[in-house]
**Student:** 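Let me begin by handing over the structure; questions about it come next.
All values below come from the heavy atoms of this structure, side chains included, with hydrogens, waters and symmetry mates left out. Each chain gets a letter, A, B and so on, in the order its sequence line appears, and its residues count up from 1.
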Protein chains: 2
Amino acid sequence: MVFHYPNGRAYDYHKNENHPSLVNKVNHRSINHNRSKTIYGNRGMSLEEEINESNQYYLSQGIAVIHKKPIPIQIVSVDYPKRSAAVIKEAYFKQASTTDYNGVYKGKYLDFEAKETTNISSFPLRNFHAHQVEHMRACQKQGGICFTIVKFTKTDELFILPADLLFKYWDEQDKSRKSIPKAEIEQLGYKLNYSISPRIPFLKGVDLLIANS
Amino acid sequence: MVFHYPNGRAYDYHKNENHPSLVNKVNHRSINHNRSKTIYGNRGMSLEEEINESNQYYLSQGIAVIHKKPIPIQIVSVDYPKRSAAVIKEAYFKQASTTDYNGVYKGKYLDFEAKETTNISSFPLRNFHAHQVEHMRACQKQGGICFTIVKFTKTDELFILPADLLFKYWDEQDKSRKSIPKAEIEQLGYKLNYSISPRIPFLKGVDLLIANS
């Protein structure tokens, strides 16, 4: 989710690199703006904005109901000015206990994350928090369809990374490598190509996940 | 979700009766405290706390994965003090575009609200926002299981109100009554009895919803 100041400027998460729950999020709008001389497939949109737009398309067409969850906040103090809206005066970011997106499609429960990397040949596991992986594992045990939409930003390539492939590398990271080779994502995941509507037709990949589950 | 001030006192939503997105929420902890001389089945817990505790039980037992969504907030200004966590200094409550709870159970997508009423013989439709009803309708079209956990606080009675029954009264409220008769909820919904673990065994009602869907 991109927050905007009243002057229209986007709120920049990256000022706050020390906050653990904000690291590795996909809000790279400001970064995209910096390279605006080149025309990219994503037209300056962050991966998160592209997915939100795609979800909006799927919802409006009656194809699926998928939403991004709000950012969890711990509220400490709230002001109630007369004749105007309540103002939160002190609050803190909390660690999320789940993934960012979930919803329903063809009777199936979907649960997923969206992650970007600037790496070329592998996807680093440090992009995930343990609680996100455990949440996906619990959902998959209940018959949910779990995955990550992975973007290699240097090449603008998108993939569906099935949760099983993530679990395999996650569980072996202490004795093995700490990233998933891109070659393996290409082989066992599903490549997604940008389109007009929706921007990211990720349900095509989900159809294949369902067919193979 | 109950927010606590640093002194442990619960943050009281009801100070803010004018804020539309906060009205009709189930955070009645403070109200329950006021009648603490009588022993009630809910032991001073709000309906929301009881459901969260039940979800925690279902999760820990590997029975279902259901979470309450965070409250949506519009962040306007954030401070980044040196060597400590980011502080949100100005933010506003936003209208949610979905229901409060969703998750996965036996391969099914669940989507529901939790609502209380002090009424005796009917459940007022003003407890619902149009966007919540439309969201449930969209989810049900995708094969999701949608319902409301309804509590009649005067008698401490709990029911599962199936979404179809809500839709029927919702769609006719302009030419007909603006509440659902309790007798009809008793007949077409499912009564829930408090238990030890989980506090509210609402998945028993969901099993019946699934069997009849």
**Student:** Specify which of B:G143, B:G144, B:C139 makes the most heavy-atom pairs with chain A at under 4.5 Å.
**Tutor:** B:C139
**Student:** Taking every heavy-atom pair that is under 4.5 Å apart, which of A:S97, A:G62, A:A64 has the most such pairs with chain B?
**Tutor:** A:A64
**Student:** For the residue pair A:Y109 and B:D111, confirm or rule out a side-chain donor-acceptor distance under 3.5 Å.
**Tutor:** no
**Student:** Once rounded to the nearest 0.5 Å, what's the spacing between atom CD of B:E53 and atom CE of B:M45?
**Tutor:** 3.5 Å
**Student:** With sequence neighbours excluded, tell me which residues meet salt bridge (charged side-chain N to carboxylate O under 4.0 Å, His left out) with A:D171.
**Tutor:** A:R137
**Student:** Among A:Y58, A:F159, A:Y194, whose ring pair (Phe, Tyr, Trp, His ring centres under 6.0 Å) with A:F202 holds?
**Tutor:** A:Y58
**Student:** Between A:I63 and chain B, which part of the residue has a heavy atom less than 4.5 Å away: side chain, backbone, both or neither?
**Tutor:** backbone
